Amino acid sequence: MQCHTTGYDANPTAVNGGFDDYPFEFPAQLGPGVWDQLVQQFPEAMAMARIQCESCHGPGGNHLGQTGNNAIVTNLDAETCGYCHDQGSHHVFPQQWDISVHATGPNVGYAGGRAGCANRHSGSGFVEWIKGGQQPLAAAPSPIPITCATCHDPHDATNHAQLRLVSATLTNGYVVNLGNEGRLCITCHKARRDAVDYTNNYLRNLSSHFGPHYSGQGDVLVGKNAVTWGYNVPTSPHLQAIDNACVGCHMGPGPLDEETQKAYTQVGIHLL
Ligand code: HEC
Ligand code: HEC
Ligand code: HEC
Ligand code: HEC
Ligand code: HEC
């Protein structure tokens, strides 16, 4: 109930107008039509059912009508989501994420703090870059790891799993039209230069950062943005063969949970 409703706090001294502060009886049987019945029977409690603004932003009573104060919280920390999604045996994404390089990345502080790199190396930079119409950032916001709300948009269910982005363009302008969800990964995991231009004009481009940047998996998988010296180099069929490209391999489903027959503990999912 704590995770599927708003303001739930069973402590009797916490009278916050949350779900548990109103009459409610859990139905003996779940099924079609039960929700509508509950709305009729327990209208006050049901108004606080499901995940609402305050589930993530904190109590907003003092914020109402006072947009100038800080009486509400907005942050991208994994804890905002882990409060519900970290539930031991079935919901293990936060535990997996905790030990992933997206969480522990050594480059967050360095590259994430630089305006030119923050849109890839910092969760806050990536979100700001998307909100700003994918234009170069003028300054880097405080760097944070690649958290849940970097990849997931808490306010938009357009894409599967509320992914923030399912499109990608390589740095040479090539628009990736296969790979579905994997294009979220490619947006960050791609070369930072137009390879042909960079190679042909290398004298103009010399700097202390000269040379290929690591993590060009997107370009390799798509088979574009490479110098081929005039040869026609064949590309592996993995982009066509694997649903969701990067996600298909790196977040592949594991064995089903015996009780629920769902693949909750997907091998690799969120262990990136
Ligand atoms: C699942 C958690 C979650 C829920 C539910 C949620 N938000 Fe958010 N909200 C966030 C996070 C995380 C951010 C910061 C990242 C972002 O802006 O996408 C945010 C950002 C915001 C912002 C700042 C946007 C900006 O550009 O600065 C506003 C305003 C906001 N939310 C309002 C709402 C309202 C109103 C609701 C309910 C209708 C709501 N949120 C529901 C998690 C949530
Ligand atoms: C108050 C508890 C709560 C919080 C906080 C919360 N979630 Fe959820 N989330 C849920 C529940 C419950 C579901 C399942 C809803 C359902 O299927 O009825 C869910 C579903 C999801 C889904 C699956 C959507 C789908 O398409 O299957 C994603 C992705 C998700 N949450 C991401 C987030 C992120 C990112 C945050 C933090 C910004 C967050 N959640 C914060 C409770 C929460
Ligand atoms: C917002 C940009 C961003 C997105 C989106 C993103 N990544 Fe990453 N990823 C990074 C960065 C930056 C690092 C390296 C962090 C560091 O070293 O500080 C990384 C690290 C990794 C690593 C570990 C590499 C190692 O050295 O061990 C894997 C694997 C990975 N990402 C796969 C993926 C996959 C698969 C997706 C899509 C589901 C994805 N990434 C989405 C930015 C991103
Ligand atoms: C690097 C990007 C990335 C990060 C970081 C990330 N996710 Fe995801 N998440 C994904 C992708 C991609 C999928 C879709 C996987 C698929 O389709 O198999 C997904 C799926 C999900 C789902 C839906 C699973 C389902 O079976 O429908 C939930 C819930 C979720 N993530 C929660 C979280 C939480 C909580 C965190 C933080 C602890 C988090 N994610 C961090 C990329 C990410
Ligand atoms: C056909 C399955 C497959 C696809 C598709 C795939 N990968 Fe991988 N990836 C792997 C395997 C397996 C490894 C481990 C290779 C090794 O350890 O030698 C790996 C390694 C990596 C690493 C290095 C991890 C480390 O610890 O050094 C990164 C980063 C990465 N992949 C990201 C991506 C991205 C981004 C995409 C999409 C553009 C992608 N991968 C697509 C299977 C795949």
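None of these values were measured; they are calculated from a predicted model.
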Is there a chain of hydrophobic side chains (I, L, V, M, F, W, Y, each step under 4.5 Å between heavy atoms) that links M1 to Y22? yes

Side chains of T187 and L184: closer than 4.5 Å at any heavy-atom pair? no

Rounding to 0.5 Å, atoms CG (N225) and OH (Y174) come to a distance of 11.5 Å

Main-chain N/O of L30 paired with W35 side-chain donor or acceptor, under 3.5 Å: no

Taking the side chain as everything from C-beta on, heavy atoms only, tell me whether M48 gets closer than 4.5 Å to T5. no

Taking the side chain as C-beta and beyond, is there a heavy-atom pair between D20 and Y8 under 4.5 Å? yes

CD (Q40) with more than 12 external heavy atoms under 6.0 Å: no

Are L170 and I186 side-chain neighbours, meaning at least one heavy-atom pair lies under 4.5 Å? yes

Within 6.0 Å of CZ in R192, more than 12 heavy atoms from elsewhere: yes

Answer yes or no: is there a side-chain heavy-atom contact under 4.5 Å between P59 and N16? no

Trace of the side-chain contact (heavy atoms from CB on, under 4.5 Å) decision for R120 with K190: CA-CA 10 Å; R120 304 284 176 265; K190 66 179 181 190; 3.7 Å; yes

Closest heavy-atom pair, W229 versus T199, reported as atoms and distance to 0.1 Å, is CH2-CG2, 4.0 Å

Does the side chain of P27 reach to within under 4.5 Å of the side chain of L38, using non-hydrogen atoms? yes

Would you find a donor on one side and an acceptor on the other, under 3.5 Å apart, between the side chain of K131 and the backbone of F126? no

Rounded to the nearest 0.5 Å, how far does CG of N159 lie from CZ of R183? 9.5 Å

In this structure, which one of F24, F42, F26 forms a ring pair (Phe, Tyr, Trp, His ring centres under 6.0 Å) with F19? F24

Shortest non-hydrogen pair, P143 vs S124, comes out as CA-OG, 4.1 Å

Just by distance, no angles: are the side chains of S236 and H238 close enough, under 3.5 Å, to form a donor-acceptor pair? yes

State plainly whether one hydrophobic cluster holds both V247 and L178, where clusters connect Ile, Leu, Val, Met, Phe, Trp and Tyr through side-chain heavy atoms under 4.5 angstrom apart. no

Starting at SG of C148, measure out to CZ of F93 and round the result to the nearest 0.5 Å. 10.5 Å

A side-chain contact here means heavy atoms from C-beta on lying under 4.5 Å apart; do L163 and E181 qualify? yes

For the residue pair H57 and H155, categorise the inter-ring angle as parallel (less than 30°), tilted (30 to 60°) or perpendicular (more than 60°). parallel

Take I51 and H4 through the side-chain contact (heavy atoms from CB on, under 4.5 Å) test and state the conclusion after the steps. CA-CA 6 Å; I51 296 103; H4 290 255; 5.5 Å; no

Can you find a pair of side-chain heavy atoms, one from N180 and one from D243, that are under 4.5 Å apart? no

Do V176 and L221 sit in the same hydrophobic cluster, where Ile, Leu, Val, Met, Phe, Trp and Tyr count as joined when their side-chain heavy atoms come under 4.5 Å apart? yes

Nearest heavy-atom neighbours spanning A115 and A138: CB-O, 3.8 Å

For the student: nearest non-hydrogen atoms of G248 and I242, plus distance: CA-CG2, 3.9 Å

Once rounded to the nearest 0.5 Å, what's the spacing between atom SG of C151 and atom CD of Q162? 13.0 Å

Output for pair (I72 CD1, E54 CD), nearest 0.5 Å, gives 6.5 Å

List for me each residue that meets salt bridge (charged side-chain N to carboxylate O under 4.0 Å, His left out) alongside D197, sequence neighbours excluded, and say none if there are none. R204

Check the pair N172 / D194 against side chain to side chain donor-acceptor pair (under 3.5 Å), numbers first and verdict last. CA-CA 4 Å; N172 68 350; D194 176 330; 5.3 Å; no

With side chain to side chain donor-acceptor pair (under 3.5 Å) as the criterion, how do N75 and T80 come out once you've worked through the C-alpha distance, each side chain's angles and the decisive distance to 0.1 Å? CA-CA 8 Å; N75 75 40; T80 308; 2.8 Å; yes

Criterion side-chain contact (heavy atoms from CB on, under 4.5 Å) on V108 and H121, from CA distance to verdict: CA-CA 6 Å; V108 169; H121 283 269; over 6 Å; no

State, without any angle test, whether Q217 and H189 hold a side-chain donor-acceptor pair at a distance under 3.5 Å. yes

CG of L137 to CH2 of W129, rounded to nearest 0.5 Å, is 9.0 Å

